[in-house]
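Quick note: numbers below take in every heavy atom, side chains included, and nothing from hydrogens, waters or symmetry partners.
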Amino acid sequence: MFEHKHDPMLTRAAFIRRMLLHGLIACVIVAVALTIGVLGYRGLGGLAWVDAILDASMILGGMGPVSTLHTAGAKLFASGYALFSGLIFIAVAGLLFAPIFHRVIHHFHMDEGGEGDRES
């Protein structure tokens with residue numbers, strides 16, 4: 001997916017397209033994770049749709065729960081969803097920062113005058 005260190009640096013337009021693609025993929029991942037949370041809070045927690053969206057959004061955003069859950073199943077779901085949300089946060093952050101980090105590292109590894117990888 002990324003260019004090799006011997007390849008030329010992407011143009012600014014191509015880099016922006018790459019960032020937009022990564023942003024789109026991140027949005028899809030967040031939407032799927034939010035849907036899982038909403039359905040879980042709705043089905044297992046018995047929350048209204050708006051409350052389920054609120055709780056799922058707050059957990060996914062790292063803020064914490066809002067509603068009190070009363071059943072063991074709902075509490076177990078909330079625990080698992082909180083752990084899942086933490087992993088989603090890390091994955092999405094990595095997905096969004098990967099092109100930037102790659103571009104910076106690629107810049108420092110580019111051959112200058114073709115002498116970069118020759119052993120003396």
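Legend: residues meeting side-chain contact (heavy atoms from CB on, under 4.5 Å) with Leu21, ordered by chain and number and at least two apart, are Met1, Ile25. Applying the side-chain contact (heavy atoms from CB on, under 4.5 Å) rule to Phe89 yields no partners; only residues at least two apart in sequence or on another chain are considered. Partners of Ala13 under the side-chain contact (heavy atoms from CB on, under 4.5 Å) rule, at least two apart in sequence or in another chain, are Thr11, Arg17. When the side-chain hydrogen bond (donor to acceptor under 3.5 Å, both in side chains) test is applied to Ser85, no partner is found at least two apart in sequence or on another chain.
Nearest heavy atoms, His102 versus Arg18: ND1-NH1, 4.1 Å. Residues Gly23 and Leu96 approach most closely at CA-CD2, 3.8 Å, considering heavy atoms.
Side-chain heavy atoms closer than 4.5 Å link hydrophobic residues (I, L, V, M, F, W, Y) into clusters, and following such links, even through other members, never connects Ile29 to Met19. Taken together through direct or relayed side-chain contacts under 4.5 Å among Ile, Leu, Val, Met, Phe, Trp and Tyr, Leu39 and Val30 form part of one hydrophobic cluster.
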Give the table of side-chain donor-acceptor pairs shorter than 3.5 Å for residues 68-81, with sequence neighbours excluded, one pair per line with atom names and distance.
unit_1: Thr71; atom_1: OG1; unit_2: Ala74; atom_2: N; d: 3.2
unit_1: Tyr81; atom_1: OH; unit_2: Ala33; atom_2: O; d: 2.9

What donor-acceptor contacts under 3.5 angstrom involve side-chain atoms of residues 47-64, with partners at least two apart or in another chain?
unit_1: Asp55; atom_1: OD1; unit_2: Val66; atom_2: N; d: 3.3
unit_1: Asp55; atom_1: OD1; unit_2: Ser67; atom_2: N; d: 3.1
unit_1: Asp55; atom_1: OD1; unit_2: Ser67; atom_2: OG; d: 3.3
unit_1: Asp55; atom_1: OD2; unit_2: Ser67; atom_2: N; d: 3.3
unit_1: Ser57; atom_1: OG; unit_2: Ile53; atom_2: O; d: 2.7

- List the steps, then state whether side chain to side chain contact (heavy atoms under 4.5 Å, CB included) holds for Ile100 with Phe15. CA-CA 9 Å; Ile100 297 167; Phe15 177 70; 4.2 Å; yes
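Using a 4.5 Å heavy-atom threshold, the side chains of Leu83 and Leu87 count as separate.
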